[in-house]
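Encoded as structure tokens, the structure appears first; notes follow it.
Every chain is numbered from 1, with letters handed out A, B, ... down the list of sequences.
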Protein chains: 2
Amino acid sequence: MIEATEPFAMFAEAILPSDLPDALYMHLGAIAEQCELAAHEVQTHSGDAEKLIFIAQGSAKLVAKGAGEREQIIGFHFAGDFLRLPCPCEHSYTLVALEDAQLLVFSASQFVELARGEPGILQHLLDQSATMLDRSREKSIVLGRKNACERMASFLLSMARRIGEEQADTIRLTLPMSRREIGESLGLTIETVSRQLTLLRDAQIIETHGRNQVILRHPEELQKRSGWLTRAN
Amino acid sequence: MIEATEPFAMFAEAILPSDLPDALYMHLGAIAEQCELAAHEVQTHSGDAEKLIFIAQGSAKLVAKGAGEREQIIGFHFAGDFLRLPCPCEHSYTLVALEDAQLLVFSASQFVELARGEPGILQHLLDQSATMLDRSREKSIVLGRKNACERMASFLLSMARRIGEEQADTIRLTLPMSRREIGESLGLTIETVSRQLTLLRDAQIIETHGRNQVILRHPEELQKRSGWLTRAN
DNA sequence: CGCCCATTTGAGCGGAATCAAGATCAGTGG
DNA sequence: CCACTGATCTTGATTCCGCTCAAATGGGCG
């Protein structure tokens, strides 16, 4: 019934303890809502409750919409991420696919209800929360105190950690987001993002190929330019 | 009258389920480390592990220290808050008292170990995490997309929600933080903070008395000026 | 009362936003 | 395979908001 490539199997592999009772496994499978998104498609939440979303394939952005055209991208998410989407009644956040994606959507309350008896799951959820919180705090530093150059360097390093492919002493990135989306994430305009990339390219620190291939030639130099000493995954 | 209840009792009252087994209660009490901080004193973590900190009394700021003099305040915390302090080996965050404060410090791993059998505690912890994450995301919006005026308005409203005393249709704030600290939280300089407060005072939207009393005369007007439609708790 | 330091106010500057063209890339259809 | 097309991205010129530097004011405490 369940193939290896199916979203729920990937979820179980990534998130659930291996010794989980079959009954609970089935229950979780029963409340999981599969959801396929085409690139740029918005995840539409059925109901108004808080959701837990596992990204089985593809990538997505969590967006806060403001008055007028203003949007702030709260974060990017990639395959394997397990994130909480606050209930839309309180915050106008939406999850939008960057490329074709497969999601698994849970009602947070249902999920926690089922997980109650399994401390392992709750603890994993707690760990995920901690990771998200750390990323968000890191973002506060970027947005609060860094200049354009430092933001760009921080962004590239962060992407390198999450989706970079190491090759010799360089790192190859295939960015699923546009310049505009990078800007909306970093609190910069598209023009500034473009200019900073040009500066880094001129300084031989990065190479760009096409619109979304970037090769980090000197990650350690990016590190220097990213400002601040604090650094971790 | 005994003026101050004991920190652990306050913690139990605020965080622990009322039907908690006595044994577990005692165990938690045993691993809790009491900690009194004078104003501006830094919380010094014994050991390098992740900590969970309950603020029994007073208030504190969570600070990220950067190269040189740069500091970003990640968040303010008040009595009743239960927060996670990442292990100092990975991020250089410190908790600093804004005024005299009483804390309860747990090793996160020990705490979770004990709480494993009590889903109620883990769930509460999870809820706290969710609140912290929401606040942090809200901060990303403020820092990423708002101008000085909107940041100031957002800050005042946020403080009103957390430590404001409602009086008729106005709200009284007693701010435990300095202008500099407000600036470091909002990604602004002390001068800009001061100027924005002056503008709001001139517009009759707020009154200030002394250095840290603020009265919000027209919260709804602040709301308008805070930008963005998203608003909650 | 008088000192010290936080805050306020003022003047000028600078970095990123905005406005405005061009250049380049990815499809599309001939 | 290549020309056409529209969107995305890059580059340039100018503007403006918030930072920096500097000075004045005022609150709080001895």
Nucleotide dC17(D), atom P - distance to NZ of K146(B) in whole Å: 18 Å

N147(A) side-chain proximity, nearest of dG18(D), dA16(C), dC9(D): dA16(C)

Within residues 172-186 of chain B: residues closer than 4.0 Å to DNA chain D (heavy atoms): none

Step-by-step side chain to side chain donor-acceptor pair (under 3.5 Å) determination, R137(A) to S136(B): CA-CA 7 Å; R137(A) 285 171 170 172; S136(B) 185; 5.7 Å; no

Distance in angstrom units between I190(A) CD1 and dA7(D) C1', rounded: 10 Å

Pairs where residues 59-81 of chain B contributes a residue and the test ring-ring contact (aromatic ring centres under 6.0 Å, His included) is met, not counting sequence neighbours: none

Bending between helix ends of the helix from dC1(C)-dG30(D) to dG30(C)-dC1(D) [5 pairs per end, 10° resolution]: 40°

Output a table of donor-acceptor pairs, distance under 3.5 Å, between side-chain atoms of residues 33-41 of chain B and any protein atom two or more places apart or on a different chain; print 'none' if there are none.
residue: E36(B); atom: OE2; partner: Q102(B); partner atom: NE2; Å: 2.9
residue: E41(B); atom: OE1; partner: A38(B); partner atom: N; Å: 2.7

Residue-phosphate contact under 4.0 Å: T198(B) side-chain N/O, dT9(C) OP1/OP2: yes

For atom CZ of R151(A) and atom P of dA16(C), their distance in whole Å: 8 Å

Short side-chain donor-acceptor distance under 3.5 Å, K61(A) and S185(A): no

Value in whole Å for how far the C1' atom of dG27(D) lies from CD of Q213(B): 14 Å

F106(B) and F11(B) aromatic ring geometry - parallel, tilted or perpendicular at 30°/60° bounds: tilted

Trace of the side chain to side chain donor-acceptor pair (under 3.5 Å) decision for S129(B) with R84(B): CA-CA 8 Å; S129(B) 288; R84(B) 194 181 62 89; over 6 Å; no

Shortest non-hydrogen contact between P86(A) and D134(B), atoms and distance: CG-OD1, 3.6 Å

Nucleotide dG15(C), atom C1' - distance to CE of M152(A) in whole Å: 17 Å

Under-4.0 Å salt bridge between R70(B) and E150(A): yes

Show the distances under 3.5 angstrom between N or O atoms of the protein and N or O atoms of nucleotides 19-23 of chain C.
residue: dC19(C); atom: N4; partner: E191(A); partner atom: OE2; Å: 3.0

Whole angstrom value for the distance that separates C1' of dT9(C) from CG of D202(B): 12 Å

Any T192(B) side-chain N or O less than 4.0 Å from OP1/OP2 of dC19(D): yes

Residue-phosphate contact under 4.0 Å: T189(B) side-chain N/O, dC19(D) OP1/OP2: yes

Residues in side-chain hydrogen bond (donor to acceptor under 3.5 Å, both in side chains) contact with S140(A), at least two apart in sequence or another chain: none

Touch class at under 4.0 angstrom, heavy-atom based, for L197(B) against every strand present: nothing

5'-most by nearest nucleotide on DNA chain C - L188(A) or N212(A): L188(A)

Any donor-acceptor pair under 3.5 Å from R172(B) side chain to E165(B) backbone: no

Any side-chain donor near an acceptor of the partner, K146(B) and S154(B), under 3.5 Å: yes

Ion pair check, R217(A) and D169(A), cut-off under 4.0 Å: no

Between P of dT9(C) and CG of L200(B), the distance in whole Å: 13 Å

